[in-house]
Amino acid sequence: EEQNTAIYERYFNAADTSAAVYATAQEYEASMDTVLGLLDQANNDVDNYGKALESNLGSIGRAKDFNILRQALETLVSDTKGMVAQNSLLKNRLQVSTIEIKSLRTNMESLQKEVMTDALTGIANRKNFDMLLRQMAAQAMESGDDLCVAFGDIDNFKKFNDNFGHKIGDQVLKLMGLILTEATQGDAMPARYGGEEFAIILPGI
């Protein structure tokens with residue numbers, strides 16, 4: 001049971017979250033395509049209105065009697081009203097798309113945080129730890145600053161789980177996450193390295 005749980009947490013939970021991130025990214029891309037399409041449409045509408053305006057103004061300038069002048073003015077007024085209506089529709093659709101994009105961005109940030117966080121303890125997971133360690137190691141080598149990584153595990157944790165059950169063991173892991181979070185400050189980052197193993201990245205130490 002313990003091995004099955006570990007396999008599920010390591011592979012399938014991450015896969016579900018990654019799929020959710022991918023789906024949100026696809027929705028975000030679709031919304032951006034919609035906005036770009038609306039802007040392209042607006043550009044075409046402005047271009048067409050400019051041509052119609054130029055044509056109508058030319059007709060007004062060449063008008064030799066009142067009827068021709070009135071017809072040109074009516075066409076100009078009609079085209080202008082159509083442009084105003086189209087702009088109003090475009091504005092509403094852009095507002096809707098903007099709200100959708102903001103919502104998708106929030107969801108994406110939440111999912112990205114979830115991907116990088118250990119679901120049980122609430123601290124950084126192994127993937128986040130590995131990524132941040134590479135970044136901080138590169139920075140330390142460039143700047144010459146100190147960098148320390150501390151590792152530790154819970155002794156006899158398998159025996160503890162066998163005696164008290166996995167639910168109680170999970171509570172112990174949660175407590176470890178809380179203790180490490182409260183004990184670290186500044187840029188230090190605690191992480192669940194795997195199982196009952198934990199690590200802390202300590203820049204400047």
Side-chain angles (χ1 to χ4, degrees), residues 1-32 98-205:
E1 181 184 355
E2 183 178 4
Q3 290 178 346
N4 289 339
T5 301
I7 291 172
Y8 178 82
E9 287 182 354
R10 183 168 183 179
Y11 297 103
F12 293 96
N13 272 349
D16 291 343
T17 307
S18 297
V21 170
Y22 178 77
T24 303
Q26 292 292 97
E27 292 180 30
Y28 189 89
E29 184 177 349
S31 294
M32 290 301 298
T98 299
I99 292 173
E100 290 178 353
I101 288 173
K102 286 182 179 179
S103 176
L104 288 170
R105 182 182 297 169
T106 301
N107 290 341
M108 179 65 75
E109 291 173 354
S110 177
L111 285 169
Q112 287 176 335
K113 183 178 180 180
E114 186 177 339
V115 168
M116 296 297 182
T117 302
D118 178 63
L120 181 62
T121 62
I123 59 178
N125 59 16
R126 173 71 178 272
K127 182 177 182 179
N128 195 355
F129 171 85
D130 290 341
M131 182 183 69
L132 191 60
L133 181 60
R134 283 194 296 268
Q135 293 176 355
M136 288 191 170
Q139 292 173 3
M141 285 187 285
E142 290 177 2
S143 63
D145 294 335
D146 293 324
L147 178 66
C148 178
V149 181
F151 288 92
D153 65 358
I154 302 174
D155 291 340
N156 305 312
F157 191 65
K158 185 180 184 304
K159 184 177 180 181
F160 183 90
N161 276 335
D162 292 339
N163 291 335
F164 299 101
H166 288 280
K167 289 187 177 180
I168 302 299
D170 286 348
Q171 295 303 313
V172 173
L173 293 174
K174 288 181 181 179
L175 179 61
M176 280 298 300
L178 179 63
I179 290 172
L180 292 176
T181 299
E182 293 178 346
T184 52
Q185 298 178 352
D187 294 331
M189 189 196 78
R192 185 181 178 191
Y193 194 73
E196 74 278 16
E197 299 172 338
F198 294 85
I200 309 174
I201 301 176
L202 299 161
I205 304 299

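- Take Asp130 and apply the side-chain hydrogen bond (donor to acceptor under 3.5 Å, both in side chains) test, not counting sequence neighbours, and it matches Arg126.
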Side-chain donor/acceptor pairs under 3.5 Å, residues 150-157, sequence neighbours excluded:
none

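- In this view, Lys158 and Asp162 satisfy the salt bridge (charged side-chain N to carboxylate O under 4.0 Å, His left out) rule, not counting sequence neighbours.
- The shortest distance between side-chain heavy atoms of Phe129 and Asp118 does not fall below 4.5 Å.
- Side chains of Phe164 and Val172 form no contact here, defined as non-hydrogen atoms less than 4.5 Å apart.
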When the side chains of residues 135-148 are checked against the rest of the protein, which donor-acceptor pairs come out under 3.5 Å, sequence neighbours left out?
residue: Ser143; atom: OG; partner: Gln139; partner atom: O; Å: 2.8
residue: Ser143; atom: OG; partner: Asp145; partner atom: N; Å: 3.3
residue: Ser143; atom: OG; partner: Asp145; partner atom: OD2; Å: 3.0

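- For the residue pair Thr184 and Pro190, the shortest heavy atom distance occurs at OG1-CD, 3.6 Å.
- Residues satisfying the side chain to side chain contact (heavy atoms under 4.5 Å, CB included) test with Glu1, not counting sequence neighbours, are Thr5, His166.
- In terms of heavy atoms, Leu180 sits closest to Ile200 at CD2-CD1, 3.7 Å.
- Considering Leu202, Leu133, Leu132 as possible partners of Met189, the one that fulfils the side chain to side chain contact (heavy atoms under 4.5 Å, CB included) test is Leu132.
- Distance check: Asn161 CG to Ile168 CD1 gives 10.0 Å after rounding to the nearest 0.5 Å.
- Residue pairs meeting the salt bridge (charged side-chain N to carboxylate O under 4.0 Å, His left out) criterion with at least one partner in residues 174-190, sequence neighbours excluded, do not occur; the list is empty.
- To the nearest 0.5 Å, atom CZ of residue Arg192 and atom CG of residue Leu120 are 5.0 Å apart.
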